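All remarks here apply to the structure that follows.
What you see is a predicted model; the values in this text were computed from it and never measured.
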Amino acid sequence: MDDQRPGPGQPGAERTGAERHGSPPHGPLAGFTIGVTAARRADELGALLQRRGGSVVHAPALRIVQLADDTELLTATKELIDHVPDVVVATTAIGFRGWVEAADGWGHGEALLSTLRGVELLARGPKVKGAIRAAGLTESWSPSSESMAEVLDRLLTQGVEGRRVALQLHGEPLPGFVEALEEGGADVVVVPVYRWMPPEDLAPVDRLIDAVVARTVDAVTFTSAPAAASLLSRAEERGRLPDLLAALHHDVLAACVGPVTALPLQAHGIDTLQPERFRLGPLVQVLCAELPARARTLPVAGHRVEIRGHAVLVDGDLRPVPPAGMALLHALSRRPGWVVSRAELLRVLPGAGRDEHAVETAMARLRTALGAPKLIHTVVKRGYRLALDPSADSKYADV
């Protein structure tokens, strides 16, 4: 074909960066945009995604309000000091540290630590263990899965009838946890160290909701159930919940750090992606595997073309494409090899109005961005088509 890349020794036969180094010069998330709803550790998660080539849209869906001056926390603390529990369950590092700091501020710090030294102290995960040990304490046990379900199973297996169990909450009541302990005969004392509240600035959340609805993000990450619930609640307030759910059902991947985080989304029938280990690193790893696997890859005009969220890989080279160009390319790739009319392309072009000349302008920019103009053929008086290779699967062929 006249638009294939030149052979060895011919002008322009330089190898791509991927060919020279034997591996792509970009990360596995290059060309994808990921929304981050986290309030805590958002910078850490964003950095992990960006190091793998992803573009990040940060929209904290909630904020943490410390309860150091809250009478509810003070009352719970004094009650535990006066009536020592048998078991204390620490669920988060930030919550445990906040509890000890608040007790210090009230003058009850030493009394609280003395109380905790004499009880069975359960830590949900390694970060909580670190906070416990930093306070000069030692945990009695911690689950390998970092799962509250495993903590509950241990308590119920041991038997809780007649035992006093203190539960440090992590923003909202754990669904079913307290009820299961009380049904087993336990006296449960909840310790509300902080609460989740809506963000003070809702503009980033609104922009993320609009981006999901417009399919200009490829995935949204959730690291807590309250964040997921908050995003859904804000969408409902704006009358955009049906549109948001439709996007999450079909086009935008919802990635959750674990099953508890996924509950608000699953209640709306949204399938979620979850890592086997409920940590940020594994969450990023599953995104690195899943998003490239969802990309459309086609043999076009002698080139390998992989269509990602806001960029295209042409023979392994990353080609950023403007939004208008991506809209056209997605429309063409839905029927590769078939002619798509200008009128149909105009309908998918964002903000184009009724002038079909806008299609020609956007198409020229798309061809320039791709760096291989003959990937897209102009069919006179009819429209445009992707120049699918004749050897491609017959289900794509233009007939």
Side-chain angles (χ1 to χ4, degrees), residues 1 3-5 16-18 24-35 49 52-55 57 211-220 247-248 250-253 255 273 287-341 344-350 352 359 362-379 383-393 395-398:
M1 293 187 181
D3 57 339
Q4 287 186 358
R5 288 163 58 191
T16 66
H26 49 77
L29 296 179
F32 296 111
T33 302
I34 300 107
L49 294 167
R52 288 154 180 81
S55 295
V57 177
V212 172
V213 171
R215 278 72 167 175
T216 56
V217 296
D218 304 288
V220 182
L248 293 173
H250 301 294
D251 302 300
V252 180
L253 181 63
L273 179 72
L287 283 171
C288 288
E290 182 67 20
L291 285 177
R294 291 160 66 102
R296 190 78 182 275
T297 301
L298 297 167
V300 182
H303 300 270
R304 184 181 185 275
V305 175
E306 182 179 327
I307 303 170
R308 297 191 169 193
H310 61 263
V312 179
L313 296 181
V314 180
D315 298 327
D317 285 337
L318 186 68
R319 302 280 184 171
V321 175
M326 288 305 305
L328 296 181
L329 190 57
H330 282 301
L332 292 171
S333 69
R334 280 193 285 271
R335 288 183 290 164
W338 290 73
V339 177
V340 182
S341 69
E344 187 174 344
L345 292 173
L346 183 64
R347 285 194 291 272
V348 303
L349 200 60
V359 174
M363 189 63 71
R365 291 173 179 166
L366 171 60
R367 283 169 163 157
T368 299
L370 294 175
K374 293 185 180 180
L375 294 176
I376 302 171
H377 284 177
T378 300
V379 182
Y384 301 90
R385 70 179 183 88
L386 280 181
L388 195 72
D389 284 352
S391 60
D393 192 313
K395 68 181 179 180
Y396 295 133
D398 192 0

Residues in side-chain contact (heavy atoms from CB on, under 4.5 Å) contact with [X], at least two apart in sequence or another chain:
X: Glu344; answer: Arg335, Val340, Ser341, Arg347
X: Ala247; answer: Val212, Arg215, Val252
X: Thr33; answer: Ser55, Val57, Val217, Asp218, His310

Of all heavy-atom pairs between [X] and [Y], which one has the smallest distance, and what is that distance?
X: Ala255; Y: Leu287; answer: CB-CD2, 3.9 Å
X: His303; Y: Ala372; answer: NE2-CB, 4.4 Å
X: Pro320; Y: Ala369; answer: O-CB, 3.6 Å
X: Gly31; Y: Ala311; answer: CA-CB, 3.6 Å
X: Pro299; Y: Leu388; answer: O-CD1, 3.4 Å
X: Arg308; Y: Met326; answer: O-CE, 3.0 Å

What's the verdict on side-chain contact (heavy atoms from CB on, under 4.5 Å) for Glu290 and Leu253, showing C-alpha distance, side-chain angles and the deciding distance?
CA-CA 9 Å; Glu290 182 67 20; Leu253 181 63; 3.7 Å; yes
Can you list the residues that meet the salt bridge (charged side-chain N to carboxylate O under 4.0 Å, His left out) rule with Arg304, with sequence neighbours excluded?
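With neighbours one apart ignored, the set is Glu306.
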Could I get the full list of salt bridge (charged side-chain N to carboxylate O under 4.0 Å, His left out) partners for Arg334, not counting sequence neighbours?
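Not a single residue meets the salt bridge (charged side-chain N to carboxylate O under 4.0 Å, His left out) criterion with Arg334.
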What's the verdict on side-chain contact (heavy atoms from CB on, under 4.5 Å) for Val305 and Leu370, showing C-alpha distance, side-chain angles and the deciding distance?
CA-CA 10 Å; Val305 175; Leu370 294 175; 5.8 Å; no
Roughly how far, to the nearest 0.5 Å, is the CG atom of Leu375 from the CZ atom of Arg385?
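Answer rounded to 0.5 Å: 12.0 Å.
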Mind checking what makes side chain to side chain donor-acceptor pair (under 3.5 Å) contact with Ser333, not counting sequence neighbours?
none
For Thr378, side chain to side chain donor-acceptor pair (under 3.5 Å) partners two or more places apart:
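Result, side chain to side chain donor-acceptor pair (under 3.5 Å) vs Thr378: Arg367.
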Result of checking Leu332, Leu328, Val339 against Tyr384 for side-chain contact (heavy atoms from CB on, under 4.5 Å)
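Passing option: Leu332.
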